[in-house]
Amino acid sequence: MNVQWYPGHMTKAKRQMQEDIRLIDLIIELVDARVPLSSRNPDIDELGKNKSRLILLNKADLADERQNEAWKAFFEKKGFFVVKVDSRSGSGMKAIQNVIQEACKEKIERDRRRGIKNRPIRAMVAGIPNVGKSTFINTFAGKACTKTGNKPGVTKGKQWIRLNKGVELLDTPGILWPKFEDQEVGIRLACVGSIKDDILNMEELSLNLIDFLREKYPGALSGRYGIEEEGSSVNLLEGIARARGCLKKGEELDYSKTAGILFDDFRSGRLGRITLEWV
Ligand code: G4P
C-alpha cells in the first residue's frame with residue numbers, strides 16, 4: 001500500500017491512534033530495518049508515553065545483519081525492547097512472545113498486586129505505510145487465532161485477535177505518517193519503495209543509490225551486473241543499462257528502465273542485504 005500524506009490524513013490518523021492507544025498496554029512499533037530512523041515517526045513517543053514499547057526491526061532479512069545488531073543495541077539503549085523480524089517468513093516471531101511478557105512486566109505485577117488475575121495484555125501494531133504491518137499481523141497471529149469484538153468495555157466495532165491466553169492484538173494497525181520535512185528521509189523512503197515511484201524522479205534517485213552502494217557496499221553492483229565501479233554514478237548507470245540491454249529505439253540508452261531494474265533488484269534483496277541508514 002502506498003499512501004501519500006496530506007495534513008487531513010495526518011490529523012485523522014493521529015486522532016485514531018490517540019483513541020486506540022487508550023485501550024492498550026503495549027505498542028508494537030514496526031520500523032524498516034533498512035531505514036530504521038526514516039521509517040519512524042517520533043510523534044509515537046509522545047502519543048505512547050506511559051505504554052510499554054516494543055520496536056520490531058522488520059524486513060531484517062533485507063538488511064545488513066551487522067547493522068541490524070547495531071540498531072537493536074541503539075534502540076535498546078534508548079529503553080525500547082527490540083526484536084529483529086522477517087514478517088514474510090515468520091522468522092523472529094517466537095522471540096516476540098517472551099519479549100512481550102518482559103516488556104509488560106510492570107503491568108502484570110501491578111495487576112497481581114491489585115488481585116486482578118489473567119487480564120490479557122492488549123497490544124496494537126503501529127508504523128508508517130508499507131513497513132509490513134498487515135504482513136506482520138497475519139503472520140504473528142497465524143491462522144488459528146480467534147477474533148473477539150464488541151465485548152463490554154471495548155469500543156464498539158473494535159476487533160481483537162487473541163494470540164494466546166495472555167495477549168490480545170488490535171486487528172487494525174495504527175498508521176503513522178513519515179516525517180517528510182527532511183529531504184533525506186524522503187529519498188531513503190523512496191529507495192525502499194515506501195513512496196510512490198511515479199511522483200519521483202527515479203533516474204536521479206538511482207544515482208543516489210549507486211553512490212551509496214559503491215561507497216558502503218563495494219562489489220554489490222559489480223557482482224550483480226558485471227560492471228566496473230569506477231567513474232561517475234552516471235557512468236555506472238550507463239554500464240548497468242548496457243549490461244541489461246536497456247535500449248530505446250536506435251542506440252539510445254533507456255535510463256528510466258535501468259533505474260527500474262536497479263530498484264527492483266535492491267528492494268528484493270538481489271543486490272545483497274543492504275542497510276541505507278547506518279547507526
Ligand atoms: P503495511 O500493512 O504496513 O502497509 O505493509 P504490508 O504488510 O502491506 O507490507 C508491504 C510490503 O512489504 C509487502 O510487499 C510485504 O510482503 C512486504 N514485507 C512485509 N514484511 C516483510 C519482511 O519482513 N520482509 C520482506 N522481505 N518483505 C516484507 P509487496 O511487494 O507490497 O506485496 P507482496 O508481493 O509481498 O504480497
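As the structure lists them, so they are numbered: ligands from 1, and atoms in each ligand from 1. Because the structure is predicted, anything quoted here is derived from the model rather than measured.
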Numbering as shown, the atoms of ligand 1 that approach S87 to under 4.0 Å (heavy-atom distance)
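This gives 20 (N), 22 (C), 23 (O) as the contact atoms.
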Per-atom contacts, ligand 1 versus N130 - under 4.0 Å to a heavy atom
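This gives 1 (P), 3 (O), 4 (O), 5 (O), 10 (C), 11 (C) as the contact atoms.
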Among [options], which residue places a heavy atom closest to [atom]?
atom: atom 11 (C) of ligand 1; options: R88, K59, K84; value: K59
atom: atom 2 (O) of ligand 1; options: S134, A126, G92; value: S134
atom: atom 25 (C) of ligand 1; options: D61, L56, N58; value: D61

N-O pairing of R162 and E168 below 4.0 Å:
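E168 and R162: salt-bridged.
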Whether R34 and D32 form a salt bridge (side-chain N of Lys/Arg under 4.0 Å from carboxylate O of Asp/Glu) is what I want to check.
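Salt bridge between D32 and R34, a charged N being under 4.0 Å from a carboxylate O: yes.
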Is the CD atom of E109 crowded by more than 12 outside heavy atoms at less than 6.0 Å?
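Atom CD in E109 is crowded, with more than 12 foreign heavy atoms closer than 6.0 Å.
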Just say parallel, tilted or perpendicular for the rings of F136 and F140, cut-offs at 30° and 60°.
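It falls in the parallel class, under 30°.
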Can you tell me how the ring of W278 sits relative to the ring of F212, calling it parallel under 30°, perpendicular over 60° and tilted otherwise?
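Answer is perpendicular, since the angle exceeds 60°.
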Using a 4.0 Å heavy-atom cut-off, say whether L62 meets ligand 1 through its side chain, its backbone, both or neither.
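Contact part for L62 vs ligand 1: side chain (C-beta onward).
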